[in-house]
Amino acid sequence: MNNETVRVRFAPSPTGYLHVGGLRTALFNYLFAKHNNGKFILRIEDTDQNRFVEGALENLIKTLKIMGLSYDEGVDVGGDFGPYVQSERKEIYKKYADELIEKKQAYYCFCSPERLEEVRQRQIAEKKPPMYDRHCRELSDEEVKEKLNSGIPHVIRMKIPLLGDVTFTDLIRGEVSFSCKILDDQILVKSDGFPTYHLANVVDDHLMKISHIIRGEEWLPSTPKHVLLYKAFGWNSPMFAHLPLLLNPDRTKLSKRQGDVAVEDYLAKGYLPEAIINFVALLGWNPGSEKEIFSLDELIEKFSIDRVQKAGAIFDINKLNWMNAHYLRSLSDEEITNLCIPYLKQKGYDVSDHEKTIKIVIAVRTHLNYLAEVVNYVDIFFNKEVVFENEEASSVIKTDSAKVVLNELLNILKLEESVNKDNFKNIMKKVQTNTGLKGKDLFMPVRVALTGKTHGPELPLIVDVFGKEECIRRILSVKNN
RNA sequence: GGCGCUAUCGUCUAAUGGUUAGGACGCCGCCCUCUCAAGGCGGUAAUACGGGUUCGAAUCCCGUUAGCGCUACCA
């Protein structure tokens, strides 16, 4: 393969947000391009006017940017082969559709949607595959001219060969073959003048000199039509690689309804871009080693299309959680705190004391799979009064030994200048020496007195947040109840 | 229904004719430990089924089954 010529594209239709399946397709295209010193292009396929969604394009670009998948050519960055938005290329497609008509490789079709529906119903009733019956395929030039002049709505259809097979090589699946007999005379230009995916896609991939088409497996059945189109135009077709699908836990194509599918949803919950990228990269691909943590640059270095899997992969949130937690752990205390602050604020917690907020995050950070979870663990720090979470907690406090421990701790605390995570161990040592209590009997009453709970962060980290006065206040309030 | 793709632990996957079928997530246990996490150590668990080919098959071939995808004037 000539490395100089690798050009690939990610060509989503802007229907609202970036789907994780889309992200995976974009990522594999990106990795393939960068690995081969090629170009990665973003093209927008918005030929369906009915599916226009306000702000979708901006949103898509934003998410791609956050994920670090920068493109060499595309909508907002330009390039030599623009425009990169299909709705702005209508005239181009018209020209090529006309060329196909001229070459007798396509024809005008004047059938009404009603007639088409009728034909379809009859075929289904007869248990035949629903296909266009080629009613308009052999219209004479005069008939066509007449109908055109009388303004009957029309589409342009592809003239599929009646016989033979279409065979092509898929980089992931090997040789794939389809019989022309089962191929429909695909609509290339709709009655509103816009091209369908099939025409626009082929024309653009050719004009933009795309070398490899890397897309989802759902496109495999329409690939023979595309191959035929390249042939009809007399063009060389690019190489094809159809990626295995991303699946729901029930093995159907990944979809909303069974969890989040928008990349922005995961971002909003506090999954890190690097973690999402790393996780998604390993869905349907692996480098053949046992290493699992990869930066984007490492992925570029290792990526190769022939290590892409053929079978679909379930999007397992469990593993994403593990991987994200792994990336979270590599963050500094300051970094992770800054990332947690928006979630704390949203919950209404006061984060004005930054030093204190950092200490709180330090105390709970090992629990986090994703940042939004931080609010599940911090109530003990923000609640003004100690409330026993259950019977077990309140009974811990009532024992005689608990009273001894708390009294002793109080006495020592009052003598200390301050209490923090570094001197707390020694303080407890003194309590132990003076009371003769140790282990659970020693520590649990303190934990419950400070937090009201029997579970939670490490005690030194808790007292570090509260400081001397607050610790004393809490212990006293518990003793008095 | 037709066409196509696919098939290794529950999940992501390694092993491209010869391995005690390996790793990771999850789960379980142990260690650490005041608790919960984290961390360390260990365990659980798979070649869909049936035929071939071969000295030898998870791997190649055929069939069966199952799953998924496509079958729009959507992409």
* Structure fact -> Side-chain contact check for A:Lys310: nearest option of B:C34, B:C36, B:U6 is B:U6
* Asked: If you measure from the C1' atom in B:U54 to the same atom in B:C60, how many Å do you get, rounded?
  -> 10 Å
* Spacing of the P atoms in B:U13 and B:U8 (rounded, Å) -> 9 Å
* Asked: Nearest to the side chain of A:Arg120, which nucleotide is it out of B:C34, B:A75, B:A72?
  -> B:A72
* **Considering all heavy atoms, the nearest A:Tyr108-A:His154 contact** => CD2-CD2, 3.4 Å
* By ring-ring contact (aromatic ring centres under 6.0 Å, His included) - contacts of A:Phe52 (at least two apart) -> none
* To do: Please check if the distance between the ring centroids of A:Phe168 and A:Phe240 is under 6.0 Å.
  => yes
* Can you find a donor-acceptor N/O pair under 3.5 angstrom joining the side chain of A:Ser13 to the base of B:A75? -> no
* Report yes if the distance between the aromatic ring centroids of A:Phe194 and A:Tyr93 is under 6.0 Å, otherwise no. => no
* Between B:U71, B:G69, B:A37, which nucleotide gets closest to the side-chain atoms of A:Thr252? -> B:G69
Grab the N/O contacts between the protein and nucleotides 30-32 of chain B below 3.5 Å, and write none if there aren't any.
none

* Would you please say whether a donor-acceptor pair under 3.5 Å links the side chains of A:Ser177 and A:Asp165? => no
* Between A:Phe315 and A:Tyr266, what is the ring plane arrangement, given parallel below 30°, perpendicular above 60°, and tilted in between? -> tilted
* Tell me whether the guanidinium CZ or amine NZ of A:Lys398 lies under 6.0 angstrom from the six-membered ring centre of A:Phe388 and within 45° of its axis. => no
* What are the two closest non-hydrogen atoms of A:Lys253 and A:Asn248, and how far apart are they? -> O-ND2, 2.9 Å
* Spacing of A:Gln49 atom CD relative to B:A72 atom P, expressed in whole Å -> 22 Å
* Check whether the ring centres of A:Phe28 and A:Phe303 lie less than 6.0 Å apart, and answer yes or no. => yes
* If the C1' atom of B:A7 is compared with that of B:U47, how far apart are they to the nearest Å? -> 10 Å
Under 3.5 Å, which N/O atoms of the protein pair with N/O atoms of nucleotides 61-65 of chain B?
none

* **nucleotides 11-24 of chain B: protein proximity per nucleotide (B base, S sugar-phosphate only, - neither; heavy atom, under 4.0 Å)** => SBSSS------SSB
* Structure fact -> Closest heavy-atom pair, A:Gln86 versus A:Thr47, reported as atoms and distance to 0.1 Å, is OE1-CG2, 3.4 Å
* State whether the distance check finds a donor on one side and an acceptor on the other, under 3.5 Å, for side chain A:Arg447 versus base B:C34. => yes
* **Non-neighbouring partners of A:Glu334 that pass side chain to side chain contact (heavy atoms under 4.5 Å, CB included), sequence neighbours left out** => A:Ser332, A:Asn338, A:His354, A:Ile358
* P gap between B:G63 and B:C55, integer Å -> 24 Å
* Got a sec, which residues hit side chain to side chain contact (heavy atoms under 4.5 Å, CB included) with A:Phe443, two or more places apart in sequence or on another chain? -> A:Met428, A:Leu459
* Asked: In terms of side-chain heavy atoms of A:Thr366, which of B:A38, B:A75, B:C36 is nearest?
  -> B:A38
* Asked: Taking the C1' atom of each, how far is B:C62 from B:A57, in whole Å?
  -> 15 Å
